[in-house]
Amino acid sequence: MLFKKTNLFIKEGENVCEASRRMQIMNEYDITYGRRLDLIVTSEQDGRDIELCSIEFKKSDATYITLLCQQFKNLRINACILSEIHLLTLDESISVVYLDFAGRNAYISQLFKINGKYIAHGVGKIVIIKSLLELEILRETVLDLFRWKKSLVSNSNIVSLSDINQKNKFALAEINNTIIHDSRVSPPRDIKPAKIFLSPSNTGKRVRVVYEQYN
């Protein structure tokens, strides 16, 4: 219901994050393993999915160390996703907003890049209520959810436009090379891919994909 009449979709069931897979390729790993996630929010663009954020879940009785590991993992995954968005849009002012759940509670974090570093901070909270006495808490939760949705829709529109511009740019590339370009056109922005090193994954849950390199 939250994403009705949008091009946003939630993929569930231990999906592999493509952004983390490509990050390992850029880090020149010989063998890459896609990181599996509980939920991924994507934007559908011409039959392909562009990742916008990941969401992780843990039980309410999870230990502090377990929750901390989840936090680190989800931060790294969303940093991979944000790096992909920056490379596609050529705009490093874009941020990603994502969720971490522990039982009935979750916190909403915003991740952005500044001076070459990724910074995350809390911007909201979600509580799944059990009693009508918590209606005010439910109200705040709904408001935070719609703020999260607004951020996702905004990023979806930005990546959609960038994807269309990229396709139009290369649609007539061979013919365009014969045309004299106007020297007054401003140079492209220097957006470099980030290097995010992912912690070793659980081998029991690992999805293995081998990329053959041809010399």
Side-chain angles (χ1 to χ4, degrees), residues 1-20 23 34-43 49-85 94-114 117-156 196-202 204-207:
M1 292 293 293
L2 184 65
F3 295 154
K4 190 175 181 180
K5 295 183 179 180
T6 72
N7 64 339
L8 301 175
F9 297 91
I10 291 182
K11 297 169 65 178
E12 58 182 340
E14 292 286 326
N15 294 279
V16 174
C17 178
E18 294 297 330
S20 67
M23 181 61 64
R35 287 299 187 271
R36 302 184 72 178
L37 304 171
D38 295 326
L39 292 178
I40 303 178
V41 181
T42 66
S43 174
D49 294 332
I50 297 179
E51 296 164 341
L52 298 179
C53 77
S54 74
I55 305 171
E56 284 288 290
F57 293 83
K58 283 291 182 287
K59 295 180 179 180
S60 58
D61 59 353
T63 66
Y64 171 76
I65 296 298
T66 299
L67 294 176
L68 201 60
C69 288
Q70 170 183 279
Q71 183 186 66
F72 291 155
K73 172 191 173 184
N74 210 17
L75 192 154
R76 289 189 180 101
I77 294 298
N78 281 287
C80 292
I81 292 173
L82 183 56
S83 178
E84 292 271 310
I85 293 175
I94 298 172
S95 62
V96 160
V97 181
Y98 63 94
L99 281 67
D100 270 301
F101 273 89
R104 297 187 302 111
N105 300 284
Y107 57 85
I108 306 174
S109 299
Q110 181 184 30
L111 179 68
F112 57 93
K113 187 177 182 182
I114 183 169
K117 296 179 175 61
Y118 289 92
I119 309 294
H121 68 114
V123 293
K125 186 177 181 180
I126 293 174
V127 178
I128 301 174
I129 67 171
K130 295 192 298 183
S131 168
L132 292 178
L133 297 174
E134 301 174 287
L135 285 179
E136 182 58 30
I137 297 175
L138 175 62
R139 176 182 174 276
E140 292 299 323
T141 291
V142 171
L143 290 175
D144 280 339
L145 280 172
F146 275 93
R147 293 186 191 104
W148 175 55
K149 174 188 175 181
K150 181 179 179 181
S151 169
L152 290 171
V153 170
S154 175
N155 283 354
S156 175
I196 300 164
F197 297 94
L198 304 171
S199 57
S201 61
N202 187 331
K205 298 172 64 177
R206 181 176 290 169
V207 175

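FYI, side chains are in, hydrogens and waters are out, and symmetry mates aren't considered; it's all heavy atoms of this structure.
Contact record, Gly124 with Asp144: CA-OD2, 3.7 Å, taken as the closest heavy-atom pair. Listed here is the closest heavy atom pair of Lys149 and Lys4: NZ-O, 4.4 Å.
Thr141 places a side-chain N or O within 3.5 Å of a backbone atom of Val127 that can act as its donor or acceptor partner.
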Side-chain donor-acceptor contacts of residues 98-106 below 3.5 Å, not counting sequence neighbours, with atom names and distances?
| residue | atom | partner | partner atom | Å |
| --- | --- | --- | --- | --- |
| Asp100 | OD1 | Gln70 | NE2 | 3.3 |
| Asp100 | OD1 | Asn74 | ND2 | 3.1 |
| Asp100 | OD2 | Asn74 | ND2 | 3.4 |
| Asp100 | OD2 | Tyr107 | OH | 3.3 |
| Arg104 | NH1 | Ile128 | O | 2.2 |

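Counting non-hydrogen atoms of other residues, nucleotides and ligands closer than 6.0 Å to CG of Leu135 gives a total above 12.
Here the CG atom belonging to Leu8 is positioned 11.5 Å from the CD1 atom belonging to Ile50, to the nearest 0.5 angstrom. From Leu39, atom CG reaches atom CZ of Phe57 across 4.5 Å, with rounding to the nearest 0.5 Å. To the nearest 0.5 Å, atoms CD1 (Ile94) and CG (Leu111) are separated by 12.5 Å. Separation of atoms NE2 (His121) and OG (Ser95) is listed at 7.5 Å; rounding is to 0.5 Å. Between Ile81 atom CD1 and Glu51 atom CD the span is 5.0 Å, to the nearest 0.5 Å. Between Ile10 atom CD1 and Leu52 atom CG the span is 11.0 Å, to the nearest 0.5 Å.
Just one residue in the list Asn155, Val97, Leu82, Leu152 forms a side chain to side chain contact (heavy atoms under 4.5 Å, CB included) with Cys53, and that residue is Leu152.
Phe9 is not listed as a side-chain neighbour of Ile40, based on a closest heavy-atom distance of 4.5 Å or more. In this structure the side chain of Tyr64 reaches within 4.5 angstrom of the side chain of Leu68, judged on heavy atoms.
Here Leu133 pairs with Ser131 under the side-chain contact (heavy atoms from CB on, under 4.5 Å) rule; sequence neighbours left out.
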Item to complete: For side-chain contact (heavy atoms from CB on, under 4.5 Å), just list the numbers for Phe3 and Val41, CA-CA rounded to whole Å, side-chain angles, deciding distance to a tenth of an Å, and then say yes or no.
Response: CA-CA 10 Å; Phe3 295 154; Val41 181; 4.2 Å; yes
